[in-house]
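The structure appears right after this line, and notes come after that.
All ligand and atom numbering here is 1-based and tracks the order in the structure.
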Amino acid sequence: MTKLLTQAQIAQYERDGYVAPIRIMSEADAAAIRARLEEFEGRSGGPLRGDLRHKAHLLFPWLAELVRNGRMLDAVEDLYGGDLLCWSTNFFIKEARNPAFVSWHQDSTYWGLSAPDVVTAWVALTPSNPANGAMAVLPGSHTLDQIPHRDTFDKHNLLTRGQEVAVEVDARKAVALELGPGEMSLHHVRLVHGSPPNPSGDRRIGFAIRYIPTRVYQLEGEDSATLVRGEDRFRRFEHEPCPTAELEPEFVALHKRITERNARILYRGTPVTSYNEPAAIRG
Ligand SMILES: O=C(O)CCC(=O)C(=O)O
């Protein structure tokens, strides 16, 4: 008996490495989250920048609630069982008519996690489609092992190191994941995916939530995660608390410590020590 996904969707995840679209909230609820984000951006002087794009669920209660969305967790439980951690979150915001893009890559490359049992729930807060730079995936590529990547640090690449797979990708085989606000896609950590720039007149906003079963651990040092369902019998991660108000000082300090530590893991082997800010975000 599954909780949310059908047997066909579970089979698709196993075969193709992704499932989409899955509705997890109404369009109105997604619009309300977008409005909260943009209200904050309005107050703080412009698009969300720097560390605020990463692990923002430790700073904003409306994102802490989103990572605990029951329908989303039901779907993830259908894939990885009922003891679940939210390891990380990342905003992928592409401004209107902006060159920001995401190169073809596998998420697993620099995350340092012990097993490829990691799923991303990519939640659309605006429409995401081929006209505004939707994410595209290469079905079945998650069954490949870890593919070598090269770092480009391209100034418009939204990935930390501008990393891209060091093999030819046949883009004709790619499938664009079309989502409406309030829908999500699920993709496997080894699935090759990427996305082109957004030439449209509105922003494309996605919030990527990375979930792992509690048995997975960090190989590259100390790390933290949020227990979102079940129990953690392994206690490999420092458990993160849940914010009750926006940007509470102790949460801001915690978030700084955690994102700096994560940046050291993600940029290991390079001279970069804190989150690189692509020109596409700096503006
Ligand atoms: O938002 C995008 O276009 C790409 C997102 C992505 O690479 C990810 O969620 O891993």
Side-chain angles (χ1 to χ4, degrees), residues 13 16-22 24 30 34 37 47-48 53-57 63 66-67 72 75-76 86-96 98-113 116-139 141-142 146-147 149 151-152 154 156-165 169 171 174-181 183-200 202-212 262 266 275-276 278 280-281:
Y13 182 78
D16 297 334
Y18 72 96
V19 189
I22 302 167
I24 55 151
R34 176 180 182 174
L37 166 69
L48 209 60
R53 290 195 173 212
H54 308 287
K55 286 220 171 196
H57 65 284
L63 293 175
L66 181 55
V67 305
M72 186 149 52
V76 175
C86 165
W87 173 63
S88 193
T89 58
N90 311 97
F91 264 112
F92 280 93
I93 302 175
K94 290 182 181 166
E95 301 300 333
N98 184 281
F101 73 102
V102 174
S103 47
W104 294 111
H105 69 286
Q106 290 172 308
D107 291 333
S108 50
T109 312
Y110 298 112
W111 286 0
L113 296 172
D117 295 334
V118 189
V119 62
T120 293
W122 195 100
V123 181
L125 298 179
T126 62
S128 185
N129 52 48
N132 69 357
M135 181 164 72
V137 302
L138 284 180
S141 52
H142 67 303
Q146 179 62 54
I147 302 172
H149 283 56
D151 297 339
T152 69
D154 184 295
H156 296 310
N157 197 322
L158 292 181
L159 299 179
T160 46
R161 306 160 67 127
Q163 64 269 31
E164 59 184 24
V165 287
V169 167
V175 175
L177 304 185
E178 213 160 311
L179 300 174
E183 291 182 327
M184 70 166 177
S185 56
L186 293 172
H187 72 260
H188 186 277
V189 73
R190 284 262 160 83
L191 189 72
V192 175
H193 60 288
S195 64
N198 170 15
S200 82
D202 192 12
R203 319 173 85 185
R204 191 225 65 172
I205 306 175
F207 188 62
I209 311 173
R210 324 297 188 172
Y211 292 108
I212 53 176
N262 284 157
L266 298 175
Y275 280 104
N276 185 39
I281 296 175

If you scan protein heavy atoms around atom 9 (O) of ligand 1, the nearest is Arg210 NH1, 3.1 Å
Over all heavy atoms of both residues, which pair between Gly17 and His142 is shortest? Give the atoms and the distance, please.
N-CE1, 3.2 Å
If you compare all heavy atoms of Pro130 against all heavy atoms of Ala176, which two are closest, and at what distance to 0.1 Å?
CG-CB, 4.1 Å
Check each atom of ligand 1 against the heavy atoms of Trp122 and keep those under 4.0 Å away; list them by number with element.
1 (O), 2 (C), 5 (C), 9 (O)
Can you see which heavy atom on Asn198 is nearest to which on Ala131, and at what distance?
OD1-O, 4.2 Å
Hey, is Gln106 touching ligand 1 through its side chain, its backbone, both or neither, going by heavy atoms under 4.0 Å?
neither
For Ser195, the ligand 1 atoms with a heavy-atom partner under 4.0 Å come out as 2 (C), 3 (O)
Atoms in ligand 1 flagged as close to Asp107, the criterion being non-hydrogen separation under 4.0 Å
10 (O)
Do you know which two heavy atoms are closest between Lys94 and Pro196, and how far apart they sit?
NZ-O, 2.6 Å
With side-chain hydrogen bond (donor to acceptor under 3.5 Å, both in side chains) as the test, pick out the partner of Gln106 among His193, Arg190, Gln146.
Gln146
Closest non-hydrogen contact found for Ala30 with Pro181 is CB-C, 3.7 Å
By number and element, which atoms of ligand 1 are closer than 4.0 Å to a non-hydrogen atom of Ala208?
9 (O)
What's the shortest distance from atom 6 (C) of ligand 1 to any protein heavy atom, and which residue and atom give it?
His193 NE2, 3.5 Å
Candidates Arg204, His187, His105; heavy atom nearest atom 1 (O) of ligand 1 found on Arg204
